[in-house]
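What follows is a single structure, written as structure tokens, with notes after it.
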Amino acid sequence: MAKHARHARVAADDDVSAGGSFDAPAQGRASVSHGEAASQHYEKSRRQRTVLIGISIVLSVLVIVAGYCIVQLVFASGSTTRAVEAAAAHREESNATALADAGKGTVAHKETPRLASLIGKTESEAIALVGRGAIETSSKDIVEEHGEGDEKTSETVGRSVALALTEELADSKGNAAMVYLTLDGQGMVTEAGYSASVGSLGYGDVSFADAVTSEHIVENLVSMAGIAVDGASIEMPAVDAYRTYADDGVTIAQEMYTFEGSGASEDGMSYAWSCKLSYDYSAANVSGNLADTVRQVYLYIKSA
């Protein structure tokens, strides 16, 4: 038995020497646990990589969208700027053209009523011919007196009527265009007149002298009224004839002159005409702004 025991120990020693172990089952369990840990670590890493890839894709998409929006905003801003600049350039060009035309005297002037055609008509007929929304705003009897003292008598020989042209806008100072009719005892028009601001007729803030000599406002108005007029017959009067000064003797208070003449209409009828040009500087002298000058023109036509 001792021999067998010794043989067993020798075998055991040999096993130990050969690298054997009595804990083989425990090593197997450790190897299994290590493998599970590695597998879990791999799965976790894979999930993290997936999440990071997803975040990267989302960020890339956001960057692309943001870039696109910025480009569109820049383009839209550029387009708007160009549109504004183009509109401003167009306005400047239009203003420059208008000023150039004004300097050349090519600005369109508003047509005045054809006053010659009103002579010999009744009030209602004259209103229809004038048009422009003409309505009577005032009327006054024309009375003539005869005799002296207790024998003094009066007689109504006609009527004067003022018509407002309601379809024409008043100017910036509130001056509206008007037509004036003088009727005889039978109610027929013997004289017709028209008044308007110089600016509303298309002459702008032209000076008194330029209105007469450069813009030829007198000839234009008389011709529009239906009477032929020789431009050479319209002469600029001497300064003292149309200009008055304030008390200081230097400040211009008013410029006013009545031009007169005669001529024939298209039907050969002869008419006498008068055209008063009036520039009142009262408001302009107070404000110091020449634009506040009241520029008015009054034209009258009657049978010669």
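The model shown is predicted, which means the values in this text are computed figures rather than measured ones. What's counted below: heavy atoms across the whole structure, side chains too, no hydrogens, waters or symmetry copies.
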Just wondering, are more than 12 heavy atoms of other shown residues or ligands nearer than 6.0 Å to CD in E235? no
Are there over 12 heavy-atom neighbours, none belonging to E266, within less than 6.0 Å of that residue's CD? no
Using a 4.5 Å cut-off on heavy atoms from C-beta on, say whether the side chain of V294 contacts that of Q296. yes
Parallel, tilted or perpendicular for Y279 and Y281, by the 30°/60° rule? tilted
Closest approach of I119 and A192, non-hydrogen atoms and distance? CD1-N, 3.9 Å
Taking every heavy atom of V297 against every heavy atom of C275, the minimum-distance pair comes out as CG2-SG, 3.7 Å
Could you check if a side-chain atom of D280 sits within less than 4.5 angstrom of a side-chain atom of T293, using non-hydrogen atoms only? no
Using the side-chain contact (heavy atoms from CB on, under 4.5 Å) rule, take R132 and V179 through it: C-alpha gap first, then chi angles, then the decisive distance, then the call. CA-CA 11 Å; R132 309 185 191 198; V179 167; over 6 Å; no
Determine yes or no for a side-chain-to-main-chain donor-acceptor pair under 3.5 angstrom, with E125 supplying the side chain and T122 the backbone. yes
How far does OH of Y300 sit from OG1 of T182, to the nearest 0.5 angstrom? 8.0 Å
Assess whether atom CE of M269 is packed by more than 12 heavy atoms of other residues, nucleotides or ligands within 6.0 Å. no
S200 side chain vs A196 backbone, donor-acceptor pair below 3.5 Å: no
Nearest heavy-atom contact between A164 and T137 is CB-CG2, 3.4 Å
Under 3.5 Å, is there a donor-acceptor pair between the R159 and S139 side chains? yes
For the residue pair L118 and V130, establish whether any side-chain heavy-atom pair is separated by less than 4.5 Å. yes
Mind running side chain to side chain donor-acceptor pair (under 3.5 Å) on Y180 and S195 for me, showing each step along the way? CA-CA 8 Å; Y180 308 95; S195 70; 3.0 Å; yes
Just wondering, do T156 and I142 contact through their side chains at under 4.5 Å, heavy atoms? no
Would you give the length of the straight line joining atom OG of S214 to atom NE2 of H216, rounded to the nearest 0.5 angstrom? 6.5 Å
Taking atom CG of N289 as the centre, does the number of heavy atoms from other residues, nucleotides or ligands within less than 6.0 Å exceed 12? yes
Would you name the heavy atoms of G131 and L165 that are closest together and state the gap between them? O-CD2, 4.3 Å
Step by step, would you call Y271 with S303 a side-chain contact (heavy atoms from CB on, under 4.5 Å)? CA-CA 4 Å; Y271 296 94; S303 297; 4.2 Å; yes
Looking at every heavy atom in both Y245 and V250, which two are closest together, and how far apart are they? CD2-O, 3.4 Å
Is there side-chain contact between E123 and E136, with at least one heavy-atom pair below 4.5 Å? yes
Between the side chain of N285 and the main-chain N/O of A253, is any donor-acceptor distance below 3.5 Å? no
State whether a side-chain donor-acceptor pair under 3.5 Å links D292 with S287. yes
Rounded distance (nearest 0.5 Å) linking atom CD of Q254 with atom OG of S282: 7.5 Å
Check against side-chain contact (heavy atoms from CB on, under 4.5 Å), E260 and S274: CA-CA 4 Å; E260 297 178 331; S274 66; 4.0 Å; yes
Set out, in order, the CA-CA distance, both residues' side-chain angles and the distance that settles side-chain contact (heavy atoms from CB on, under 4.5 Å) for L183 and E191, then state yes or no. CA-CA 7 Å; L183 309 175; E191 183 178 49; over 6 Å; no
Centroid separation under 6.0 Å, is that true for the rings of F259 and Y257? yes
Might you confirm whether atom CG of D267 has over 12 heavy atoms from other residues, nucleotides or ligands at distances under 6.0 Å? yes
V198 and L277, any side-chain heavy atoms less than 4.5 Å apart: yes
Side chains of N220 and S223: donor-acceptor distance under 3.5 Å anywhere? no
Report yes if some heavy atom in the side chain of Y194 is under 4.5 Å from a heavy atom in the side chain of M224; otherwise report no. no
In the structure I gave you, are the side-chain heavy atoms of L181 and L163 within less than 4.5 Å of one another anywhere? yes
Between S117 and L129 the two heavy atoms that sit nearest each other are O-CD1, 3.6 Å
Main chain of M188, side chain of D184: is a donor-acceptor contact present, judged purely on distance under 3.5 Å? yes
Between CZ of F208 and CZ of R295, what distance do you get to the nearest 0.5 Å? 11.5 Å
